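Note that the coordinates shown come from a computational prediction; the quantities given were computed from them, not determined experimentally. Just so it is clear: chains get the letters A, B, ... in the order the sequence lines come, proteins before strands, and each one is counted from 1. Worth knowing before you read on, the calculation uses all heavy atoms, side chains too, and leaves out hydrogens, waters and symmetry mates.
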Amino acid sequence: MSQQEGLKKIVSHAKEYGFVFQSSEIYDGLAAVYDYGPLGVALKNNIKAYWYKAMVDAHENVVGVDTAIFMHPKTWKASGHVDAFSDPLIDNKDSKKRYRADVLIEEHIAKIESKIKKEVTKAQKRFGDAFDQAQFLQTNGRVVDYQKKITEINSEMKRCLEAEDFTALKQLIEDLGIACPVSGSKNWTDVRQFNLMFDTEIGALADGSSKIYLRPETAQGIFVNFLNVQKTTRQKIPFGIAQIGKAFRNEIVARQFIFRMREFEQMEMQFFVAPGDEMKWYEYWKGYRLKWHKALGFGEEKYRFHDHIKLAHYANAASDIEFEFAIGFKELEGIHSRTDFDLTQHQELSGKKLQYFDNQLNKSYVPYVVETSIGLDRMFLAVLSSALKEQSLEDGSSRVVMQIPAFLAPYKLAVLPLVKKDGLPEKARSILQDLKFDYAVHYDEKDSIGKRYRRQDAIGTPFCLTIDHQSLEDDTCTLRDRDSMTQERLTLQDIQLRLQQKVSISQILKQLEK
RNA sequence: GCGAAAGUAGCUCAGCUGGUAGAGCGCGACCUUGCCAAGGUCGAGGUCGCGGGUUCGAACCCCGUCUUUCGCUCCA
């Protein structure tokens, strides 16, 4: 199966069974935005629970928060998002290459500067020892013209950027006769600004001062609450703050289903450590996070680390956990050593001391941070990617089955009366009644029993409980296993025990402790 | 964002040189059915992505637009 076909199957299966729908589909959809359906939200919630329990409940020194999507605009000044991600971009229509408009102009200025240098070199040769460079620069007609030109370009560019006047910026590029280095043509698109962050207005007046951003990452909500959390929970360093929440990025190209969306959900933890300890904890969390993934049993070979060579402005080490999706190995989670960059930045911009007094070291410091950040939607796609299978059976038939780990499955159990008569539906419903508050249970009485088994296979229900005539007499039922397709006759009591064993999340969490 | 292709029922698709829509599966009701899909009867569901244009007449031809897919580009 090719990669595109694989993803296509996942997309259509996800839609057919109510996992994921395209947003606003009846209006032709909204690009790179998706809705989770009834089964999707169940799976998603189960993934969240697995993460939260493993990170927070399993670690005494990790606590949770749920911070707002709106934050003070200075937050994004501090984090670097405002400045670093508002570049004016321009495309050359012939070469299809994209450039930063300001960089193109700066390169043009650099060319003029090199012309000045040439003049200087020439003049040096001519005048020899008598050459006075400062005087030459001020008096030589050609050089003065070049210099004047540079000043003009610079001030016009500055004006355009500050006023966000992109029409004039394009005009400047055209006036200077700047050509694409690749195609050599001057056939440019308009200048556009791709700001990573979505913005909106807060308050009734829509003036500039009330502009507010939708957070592009959840991490900053943790950083700005560092002291609040540390003091109220009496945590000592090292400790972590975990959060699951939505983030928004205005991606230029957002594609590949829920892999890259404009609105998405992150599961992040920021772990605060003493300066100098960061590498130790970076290694610890790399190991723990990989263990968390491998415990799902999708296969060890589906994971690999990708260590970053080129680091972001805030990091001194970074690694991705890549997963082999239907579309190949792609980033699923990032583990970053973020140094003290964020807290120091917030300390400077807020004027509030964001430090910790360490009794061991008998001094205060800005803690270093190790971050683990996983895309919930990508995790969801990872589960679908590995779980969805088309199997050929011994009898020549085939089935579509989602081998979702039982504790993540949307429904844990389907309760099925063998036939829709003789009091079997009533018996089935009374059993369901007893189980429904402990497990996500689904009831189905339509169509033949075989067909119902296949339907449950298709949505990943790990167990089917079939109520037959014998059940009416002795309270036993057959429990059918999704993966092996085998059945066992058990008492209702044994079934409860079996479910506790096979479906509970605590088993897998205990495994992570080893 | 650029280039190319596609869009007909919930899904997969058919629909001739233009003459106002069909199949299979699925879905619903009833019947049948003692354990691994594809039994019977009946039924619901489409202004052919949307908006213009050409034409006596457009699912079909032309233009625009939206969405999707692929390639390029971008990616903390």
(request) Give a yes/no answer on whether the side chain of A:Gln487 brings an N or O atom under 4.0 Å of OP1 or OP2 in B:C36. (result) no
(message) Nearest whole Å is fine: how far is B:G34 P from A:Asp422 CG?
(response) 9 Å
(message) Once side-chain hydrogen bond (donor to acceptor under 3.5 Å, both in side chains) is applied, what residue pairs with a partner in residues 217-227 of chain A remain, sequence neighbours excluded?
(response) A:Glu217-A:Gln220, A:Glu217-A:Arg338, A:Thr218-A:Gln266, A:Thr218-A:Glu268, A:Gln220-A:Asp342, A:Gln220-A:His346, A:Asn225-A:Asn228
(message) Return the pairing partner of B:U69 with a 3.5 Å limit on both distances, Watson-Crick or G-U wobble; otherwise return none.
(response) B:A4
(request) Only pairs at least two apart or in different chains count here, so list each side-chain hydrogen bond (donor to acceptor under 3.5 Å, both in side chains) that has a residue in residues 377-388 of chain A. (result) A:Tyr36-A:Asp377
Just list the side-chain donor-acceptor pairs under 3.5 Å for residues 271-278 of chain A, sequence neighbours left out, or say none.
from, atom 1, to, atom 2, distance (Å)
A:Glu278, OE1, A:Gly276, N, 2.7
A:Glu278, OE2, A:Asn316, ND2, 3.3

(message) Once salt bridge (Lys or Arg N to Asp or Glu O under 4.0 Å) is applied, do any residues pair with A:Arg452, and if so which ones, sequence neighbours excluded?
(response) none
(request) At under 4.0 Å between heavy atoms, which parts of nucleotides 23-31 of chain B does protein reach? Answer with one letter per nucleotide, 5' to 3': B base, S sugar-phosphate only, - none. (result) ---SSSS--
(request) Not counting sequence neighbours, list each pair that qualifies as a salt bridge (Lys or Arg N to Asp or Glu O under 4.0 Å) and has a residue in residues 400-414 of chain A. (result) none
(message) My understanding is that only residues two or more places apart in sequence, or in another chain, count here; which of them pass side chain to side chain donor-acceptor pair (under 3.5 Å) with A:His469?
(response) A:Asp422
(message) So if I take residues 370-385 of chain A and measure heavy-atom distances to RNA chain B, which residues fall below 4.0 Å?
(response) none
Produce the list of close N/O pairs, under 3.5 Å, pairing protein atoms with atoms of nucleotides 44-51 of chain B; give distances to one decimal.
none

(message) What is the distance, to the nearest angstrom, from the CG atom on A:Leu418 to the P atom on B:U32?
(response) 15 Å
(request) For A:Lys74, enumerate each residue passing the side chain to side chain donor-acceptor pair (under 3.5 Å) test, keeping only those at least two apart in sequence or located in another chain. (result) none
(request) Sequence neighbours left out, what pairs pass salt bridge (Lys or Arg N to Asp or Glu O under 4.0 Å) with at least one residue falling in residues 458-483 of chain A? (result) A:Lys427-A:Asp475, A:Asp457-A:Arg480, A:Asp468-A:Arg489
(request) With the side chain of A:Ser448 defined as its heavy atoms from C-beta on, choose the nearest nucleotide among B:C11, B:A37, B:U67. (result) B:A37
(message) Salt bridge check, A:Glu390 against A:Lys9: does any charged N sit closer than 4.0 Å to a carboxylate O?
(response) yes
(message) In whole Å, I'd like the distance from the NZ atom of A:Lys8 to the C1' atom of B:G7.
(response) 12 Å
(message) List the residues meeting salt bridge (Lys or Arg N to Asp or Glu O under 4.0 Å) with A:Lys286, not counting sequence neighbours, and say none if there are none.
(response) A:Asp307
(message) Output the rounded distance in Å from OH (A:Tyr453) to P (B:G34).
(response) 14 Å
